[in-house]
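Quick notes on the structure that follows.
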2 protein chains.
Amino acid sequence: MNKAAQLEASELLKNADVYPSYQRIMVLASLFESDEHPSADALFKQLGSNVPTISRATVYNTLNLLVDKGVIRSLHTAGAETHFDSVSETHGHFFCRKCKKIYDIPQQNTEVKHELDGHLVESQELVFTGLCKECRE
Amino acid sequence: MNKAAQLEASELLKNADVYPSYQRIMVLASLFESDEHPSADALFKQLGSNVPTISRATVYNTLNLLVDKGVIRSLHTAGAETHFDSVSETHGHFFCRKCKKIYDIPQQNTEVKHELDGHLVESQELVFTGLCKECRE
DNA sequence: TACTCTATTTAGATTAAATCTAAATTTAGA
DNA sequence: TCTAAATTTAGATTTAATCTAAATAGAGTA
Ligand SMILES: [Mn+2]
Ligand SMILES: [Mn+2]
Ligand SMILES: [Zn+2]
Ligand SMILES: [Zn+2]
């Protein structure tokens with residue numbers, strides 16, 4: 001129950017024009033506290049102890065809403081689940097096909113495109129896949 | 001029943017050390033003929049007319065095997081399904097959140113990394129998301 | 001050819017991430 | 001307080017993907 005994270009979460013929600021309900025604050029604060037890139041279900045389980053009655057639907061709804069609002073990012077890898085990232089600054093990711101961990105990668109080409117071939121770009125994802133430092137022995 | 005595509009598919013399979021069974025040839029040839037970026041299920045349905053007895057498992061097994069062998073690429077977007085691309089040259093993709101279409105995007109930074117922060121890079125994916133040319137009206 | 005072993009395919013069952021539904025609860029405004 | 005809209009909840013449902021066990025096909029040997 002990190003109060004600072006909850007305050008920051010509340011602020012971000014308000015700035016994004018999203019009503020800062022207790023559940024939404026806890027979902028976002030929980031994402032802040034996990035330095036990994038958790039899946040929705042991982043967050044749901046992590047929240048279980050603090051917010052016993054929270055439902056899976058609320059976790060999914062909140063995460064999807066915040067992705068739409070640009071507050072957080074979603075990561076799509078060769079793994080089955082979608083993962084989430086509270087850091088909105090542009091950076092890439094490395095997905096290890098063995099241990100399934102996701103590492104941050106400083107993105108080289110940081111210029112963010114807003115239009116490509118006439119398409120309106122709202123977000124971008126750069127994902128590398130392979131064997132991580134530890135899994136290649 | 002494009003014979004040229006089937007011949008090319010057979011060659012690629014052999015080069016990748018994969019036994020070129022009739023089903024595998026048809027799956028890969030079918031991917032060649034679809035200029036879109038089909039999902040496994042879309043390919044399964046498309047194959048239905050030519051190879052009536054082919055099973056979903058074979059389509060999935062073949063596609064996964066060919067991704068592992070580096071013959072084809074898999075695309076992971078905000079959409080639910082994994083899509084596949086027969087073009088192995090490096091290029092990016094644009095995913096339209098409205099019509100769900102996937103467009104090819106010539107990749108600017110074409111230099112392919114083989115190692116990042118000590119991680120072994122086997123493939124990379126650059127995916128933009130937003131509203132495509134047609135869906136933004 | 002006949003025999004054996006391995007590789008591949010098949011149909012259907014199973015798994016699990018994500019969404020959906022309809023009822024309950026909470027919030028904001030009059 | 002009353003009412004309507006927003007949010008949450010539990011559980012059912014959907015469906016992409018994998019798994020299973022049996023059938024089929026291919027390769028090697030004699
Ligand atoms: Mn990250
Ligand atoms: Mn492509
Ligand atoms: Zn690893
Ligand atoms: Zn579109």
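What you see is a predicted model, and the numbers here were worked out from it, not measured in a lab.
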Positions of residues 65-87 of chain B (non-hydrogen atom under 4.0 Å from DNA chain C), listed by number: none
Non-neighbouring partners of A:L7 that pass side chain to side chain contact (heavy atoms under 4.5 Å, CB included), sequence neighbours left out: none
Side-chain N or O of A:N61 closer than 4.0 Å to phosphate OP1/OP2 of C:dA18: no
By ring pair (Phe, Tyr, Trp, His ring centres under 6.0 Å) - contacts of B:F44 (at least two apart): none
Heavy-atom side-chain contact between A:V127 and A:L75 under 4.5 Å: no
Complement of D:dT20, any strand, by Watson-Crick or G-U distances under 3.5 angstrom: C:dA11
Gap between atoms CG and C1', on B:L13 and C:dT8 respectively (whole Å): 13 Å
N/O to N/O distances under 3.5 Å, protein versus nucleotides 25-30 of chain C:
unit_1: C:dT27; atom_1: O3'; unit_2: A:Y19; atom_2: OH; d: 3.4

CA sep, side-chain torsions, deciding dist, call: B:E115, A:R136, salt bridge (Lys or Arg N to Asp or Glu O under 4.0 Å): CA-CA 12 Å; B:E115 188 169 294; A:R136 55 194 294 206; 3.2 Å; yes
Nucleic acid contacts of residues 36-59 of chain A, taken as heavy-atom distances under 4.0 Å to DNA chain C: A:A57
Intermediate values then yes/no, side-chain hydrogen bond (donor to acceptor under 3.5 Å, both in side chains), A:H91 and A:R73: CA-CA 11 Å; A:H91 63 281; A:R73 298 169 59 189; 3.3 Å; yes
N-O pairing of A:K3 and A:E8 below 4.0 Å: no
B:S86 side chain reached by B:V71 side chain, heavy atoms, under 4.5 Å: no
Whether over 12 other heavy atoms sit under 6.0 Å from A:K133 NZ: no
Student check: side-chain heavy atoms of A:L120 and B:C132 closer than 4.5 Å: no
Atom-pair distance (CD on A:Q23; P on C:dA24), nearest Å: 18 Å
Contacting residues from residues 24-33 of chain A, given that a heavy atom lies under 4.0 angstrom of DNA chain D: A:R24
Distance below 4.0 Å between A:Y60 side-chain N/O and C:dT19 OP1 or OP2: no
B:Y103-A:H119 aromatic ring centre distance below 6.0 Å: yes
Under-4.0 Å salt bridge between A:E134 and A:K98: no
Candidate pair A:S30 and A:Q46, rule side-chain hydrogen bond (donor to acceptor under 3.5 Å, both in side chains), full reasoning: CA-CA 8 Å; A:S30 194; A:Q46 184 182 314; 2.8 Å; yes
Residue pair A:F94 / A:T129: nearest heavy atoms and the distance that separates them: CE1-C, 4.1 Å
Protein-nucleotide distance (B:L63, atom CG; D:dA16, atom P), rounded to Å: 14 Å
Side-chain N,O (B:S21) to OP1/OP2 (C:dT9) below 4.0 Å: yes
